[in-house]
Number of protein chains: 2
Amino acid sequence: MKMSGGVEWALHCCVALSEAGAPVTAAKLAELHDVSQSYLAKQLQLLSRAGLVRSTLGQSGGYVLTRAANEITVLDVVEAIDGVQPAFRCTEVRQRGPMAVPPERCDTPCPIARAMDSADRAWRESLRAVTIADLIADVNRTTPPEILAGAREWLGA
Amino acid sequence: MKMSGGVEWALHCCVALSEAGAPVTAAKLAELHDVSQSYLAKQLQLLSRAGLVRSTLGQSGGYVLTRAANEITVLDVVEAIDGVQPAFRCTEVRQRGPMAVPPERCDTPCPIARAMDSADRAWRESLRAVTIADLIADVNRTTPPEILAGAREWLGA
DNA sequence: CTTGACTCGGATAACTCTTGTCCGAATAGA
DNA sequence: TCTATTCGGACAAGAGTTATCCGAGTCAAG
């Protein structure tokens, strides 16, 4: 089981966008994080489709967050990039084979699927409890101030 | 993000093995669940490597659980098949690009990684709380008795 | 108003990982 | 001793992710 690597980039971009305030181009975000520009554009498109960022075209264009940082959860970003489908998908094994249970007797979900869904809900609930604003607060607390100031200036330039 | 489909099969196999008591061959398990025999063998190998099942060779051989059903958690099976690595892997983006944070200043983990790890722990904790015995109890409660009896007899035959 | 350059967006290949299959080594019973 | 049956690891095919490019649209300046 592996989450799309783009999730990490997208979260870093959300943090940067919130700190910048003004529109930032995909090229600048890619350079700041030293990642593939073309591929990062794809992740930003996904964020745009999900309505988390708004893109501005033309000169002095770029991406801006559509909501305040404390109104965007980590789960929002994860679902925008990685999709909303749970990692486990029940294939109804009990309805197959020589001892198959007839479909009309399967009103309750398979116990295995139930356990997986419960775990999936716990996972999502944990991600929903953290917002971009929380991440920013942690970043501001743990990174050297001079680097923070430099990054803010670099983003604006 | 997608979990290996073999996890579902492996869990069904553990339930079946616990109900059987005697060794069951991979071929019988595959026929019971109507899945690819060759591929199911791969999953059973992984369970064997993890020490959850013991294989017996030769005639009248097969697989048996090494522990009681209430001593095997769903998490044990998931980690045996899908691996123990978390879905999210931090690539230390903060240490890259023009505003890179020097490694010696990165004693605390990245806030993004921390949020992901917390969610991952919640997920695993939820899976650890459910045992194969719990699954069996649910199965016995929700499936028609005649099918249960038939399956037990079919496994023994 | 015209021009120009810069932006994002979707369609297009390369690659990695999962899925699926096969045959050989080892074993228990006759 | 022999035979039938078992599991185990090595071997291809497919799907999904990763990475890239070029065109449509837009804003700003001249």
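Everything numeric in this text was worked out from a predicted model, so none of it was measured. Any value given below was found using the heavy atoms of this structure, including those in side chains, with hydrogens, waters and symmetry copies removed. Naming convention: chains lettered A, B, ... in sequence-line order (proteins, then strands); numbering from 1 in each chain.
- Classification of A/E31 and A/K28 as a salt-bridged pair fails, no side-chain N sitting under 4.0 Å from a carboxylate O.
- As a whole-Å value, the separation of B/M3 CE from C/dC17 C1' is 16 Å.
- Taking the side chain of A/T25 as heavy atoms from C-beta on, and the options D/dG9, D/dT6, C/dT7, the nearest nucleotide is C/dT7.
- A chain of hydrophobic side-chain contacts below 4.5 Å, direct or via other Ile, Leu, Val, Met, Phe, Trp or Tyr residues, connects B/I72 to B/I136.
- When each of A/K2 and B/A27 is assigned the nucleotide of DNA chain D with its nearest heavy atom, B/A27 is the one assigned upstream, toward the 5' end.
- OP1 or OP2 of D/dT18 has at least one side-chain nitrogen or oxygen of A/S4 nearer than 4.0 Å.
- Rounded to whole angstrom, the span from the CD atom of B/Q37 across to the P atom of D/dT5 amounts to 13 Å.
- In terms of hydrophobic clustering, with Ile, Leu, Val, Met, Phe, Trp and Tyr side chains grouped at heavy-atom distances under 4.5 Å, B/L29 and B/V139 are assigned to different clusters.
- Look at A/S55 and you won't find any side-chain N or O under 4.0 angstrom from OP1 or OP2 of C/dT7.
- Considering only side-chain N and O atoms, B/R54 lies nowhere under 4.0 angstrom from the phosphate OP1 or OP2 of D/dC7.
- Look at CD on B/Q45: it is 13 Å from C1' on C/dA25, rounded to the nearest Å.
- Using a 4.0 Å heavy-atom distance criterion, B/S36 is classed as a sugar-phosphate-only contact.
- As rounded to whole Å, 17 Å separates atom P of D/dT17 from atom CD of A/E8.
- Of the residues near DNA chain C, A/Q59 and A/A41, the one whose nearest nucleotide (by heavy atom distance) lies more toward the 5' end is A/Q59.
- Summarising the geometry, the separation between NZ on A/K42 and P on D/dT20 is reported as 13 Å, rounded to the nearest angstrom.
- Between A/T56 and C/dC8 there is no side-chain N or O to OP1 or OP2 distance below 4.0 Å.
- Using a 4.0 Å heavy-atom cutoff across all strands shown, A/G6 reaches no nucleic acid atom at all.
- Nearest-nucleotide mapping onto DNA chain D: of B/R49 and A/L57, the residue sitting toward the 5' end is B/R49.
- Protein atom CG of B/L40 is 12 Å distant from nucleotide atom C1' of C/dG20, rounded to whole Å.
- Between A/D76 and A/R67 the shortest heavy-atom distance is OD2-NH1, 4.1 Å.
- Once rounded to the nearest 0.5 Å, the distance linking CG of B/L17 with CD1 of B/I132 reads 9.5 Å.
- Regarding B/Y39, its OH atom lies at a distance of 18 Å from the P atom of D/dC7, rounded to whole Å.
- At least one side-chain nitrogen or oxygen of B/S48 sits closer than 4.0 Å to the OP1 or OP2 atom of D/dG8.
- Remark: P of D/dT17 and CZ of B/R89 are 17 Å apart, rounded to the nearest angstrom.
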